[in-house]
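Here's the structure, in structure tokens; my notes come after.
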Amino acid sequence: MASNTRVVVFAKAPVPGEVKTRLIPAIGAEAAALLHAALTERALDTASRSGHAVELCCAPDAGHAFFVDCAEQFDCILCDQGPGDLGQRMLRAMQRALVDADRVVVIGADCPALTPQHIKRAVTALADNDVALLPAEDGGYVLIAARRTAPTMFDGIEWGQPAVLVEQRRALQRAGLSCIELETLWDLDRPEDIARLQSLRPPLAFFLPP
């Protein structure tokens, strides 16, 4: 199998009050932003250790100091997510990556349980499938990998809702793309998820304020 794969990490700038908003009532805006930054750094480290080229796809833009520091620390390419809903932004990033790469993997910064092995298995699964997904426990997914795309592959998906995975399956089927689903993981969106950070190996480099 060709090893020409790009891993694209989608992340927002860690601005207090604008990230991890569902956690703010429990831990406050500042701590939520710090947690988001730590999650983003963990996602980049995971992507880097998968052995593939890494791109950090930034919102609102790649000029934020945090992203610039990440590019230096993890030797990753920076780009802007640009306009549109999540599907439009992911499709644009995937199409751009596949100009130079044979395969593309897109992950977010919300799944600290993701490992380099999960990324490698998704890439391997593309030998026999157009798309590979890692479902999330909340009804979405934490990773999408592809060897080819279709303009309609994200059509009809109501992002942020419990039926995202179901709607994604349907969209891929309508677009004529074969898909395999791999291991289901958890992501960190709700206050009750914070306790699960203690189970991570290696631990997340983040500490809640007293």
Side-chain angles (χ1 to χ4, degrees), residues 5-23 32-33 36-37 39-40 43-44 47 52-68 70-71 76-111 114 119 122 126 130-136 138-179 181 187-189:
T5 299
R6 182 176 297 180
V7 182
V8 181
V9 180
F10 266 55
K12 295 179 180 178
V15 178
E18 296 184 14
V19 293
K20 290 291 168 211
T21 54
R22 282 185 280 184
L23 300 183
H36 175 76
L39 288 167
T40 301
L44 287 167
H52 302 299
V54 179
E55 176 183 300
L56 177 56
C57 204
C58 311
D61 62 69
H64 192 281
F66 172 74
F67 294 140
V68 175
C70 284
C76 60
I77 302 166
L78 294 181
C79 68
D80 295 343
Q81 291 185 22
D85 67 18
L86 179 58
Q88 293 170 321
R89 288 177 277 135
M90 286 199 298
L91 178 61
R92 191 162 50 239
M94 294 168 82
Q95 290 174 331
R96 182 177 61 247
L98 289 173
V99 171
D100 300 313
D102 299 309
R103 293 164 178 80
V104 59
V105 180
V106 177
I107 64 174
D110 293 335
C111 183
L114 187 75
I119 294 175
L126 295 179
D130 295 321
V131 175
L133 294 169
L134 263 68
D138 64 3
Y141 56 88
V142 301
L143 176 153
I144 181 168
R147 64 182 181 184
R148 69 185 184 99
T149 63
T152 60
M153 65 186 292
F154 296 114
D155 284 3
I157 299 175
E158 190 174 357
W159 300 103
Q161 301 303 311
V164 164
L165 181 61
V166 173
E167 292 168 351
Q168 182 66 83
R169 291 185 192 122
R170 293 171 181 165
L172 293 172
Q173 185 175 27
R174 290 193 302 267
L177 297 174
S178 61
C179 179
E181 294 178 22
D187 52 13
L188 201 163
D189 282 321

(request) For Q95 and T149, indicate whether the former's side chain and the latter's backbone hold a donor-acceptor pair under 3.5 Å. (result) no

(request) Enter the distance from L98:CG to R6:CZ here, rounded to the nearest 0.5 Å. (result) 9.0 Å

(request) Looking only at non-hydrogen atoms, find the nearest pair between C79 and E55 and report the distance. (result) SG-OE2, 2.9 Å

(request) Please report the shortest heavy-atom distance between V164 and Q161, naming the atom on each side. (result) CG2-O, 3.1 Å

(request) Quick one: pull up CG in L91 and CD1 in I144 and give me the separation to the nearest 0.5 Å. (result) 9.5 Å

(message) Is it the case that over 12 heavy atoms from other parts of the model lie below 6.0 angstrom from the CD atom of Q173?
(response) no

(message) For a side chain to side chain contact (heavy atoms under 4.5 Å, CB included) check, start with the C-alpha distance between V142 and D110, then their side-chain angles and the critical distance, and finish with the verdict.
(response) CA-CA 8 Å; V142 301; D110 293 335; over 6 Å; no

(message) Using 0.5 Å steps for rounding, measure from the SG atom of C111 to the CG atom of L188.
(response) 9.5 Å

(request) Output the distance between atom CG (L56) and atom CD1 (I77), rounded to the nearest 0.5 Å. (result) 10.5 Å

(message) Looking at R170, I'd like to know if its CZ atom is crowded, meaning that more than 12 non-hydrogen atoms belonging to other residues, nucleotides or ligands lie closer than 6.0 Å.
(response) no

(message) To check you understand the geometry: which heavy-atom pair defines the closest contact between G82 and R89, and what is its length?
(response) O-CD, 3.3 Å

(request) Please determine which of V9, V54, V8 meets the side-chain contact (heavy atoms from CB on, under 4.5 Å) test together with C76. (result) V54

(request) Taking all heavy atoms of L177 and all of D130, pick out the closest pair and write down the distance. (result) CA-OD2, 3.5 Å

(request) First locate atom OH of Y141, then atom CD of Q168, and finally report the distance between them rounded to the nearest 0.5 Å. (result) 3.5 Å

(request) May I ask you to decide if the ring planes of W159 and F154 are parallel, tilted or perpendicular, using 30° and 60° as cut-offs? (result) tilted

(message) Which heavy atom of C179 sits nearest to which heavy atom of L133, and what is that distance?
(response) SG-CD1, 3.7 Å

(request) With rounding to the nearest 0.5 Å, note down the distance linking CG in L39 to CG in L44. (result) 11.0 Å

(request) Answer yes or no: is there a side-chain heavy-atom contact under 4.5 Å between P83 and R92? (result) yes

(message) So which atom in A122 and which in A132 form the shortest heavy-atom distance, rounded to 0.1 Å?
(response) O-CB, 3.9 Å

(message) I want to check something: taking the side chain as every heavy atom from C-beta on, are C57 and R96 in contact at a cut-off of under 4.5 Å?
(response) yes

(request) Kindly determine whether R174 and T152 satisfy side chain to side chain contact (heavy atoms under 4.5 Å, CB included), including the steps that lead there. (result) CA-CA 8 Å; R174 290 193 302 267; T152 60; 5.7 Å; no

(request) For Q81 and M90, indicate whether the former's side chain and the latter's backbone hold a donor-acceptor pair under 3.5 Å. (result) no

(request) Measure the shortest side-chain to side-chain distance between D189 and K20 over non-hydrogen atoms and say whether it is less than 4.5 angstrom. (result) yes

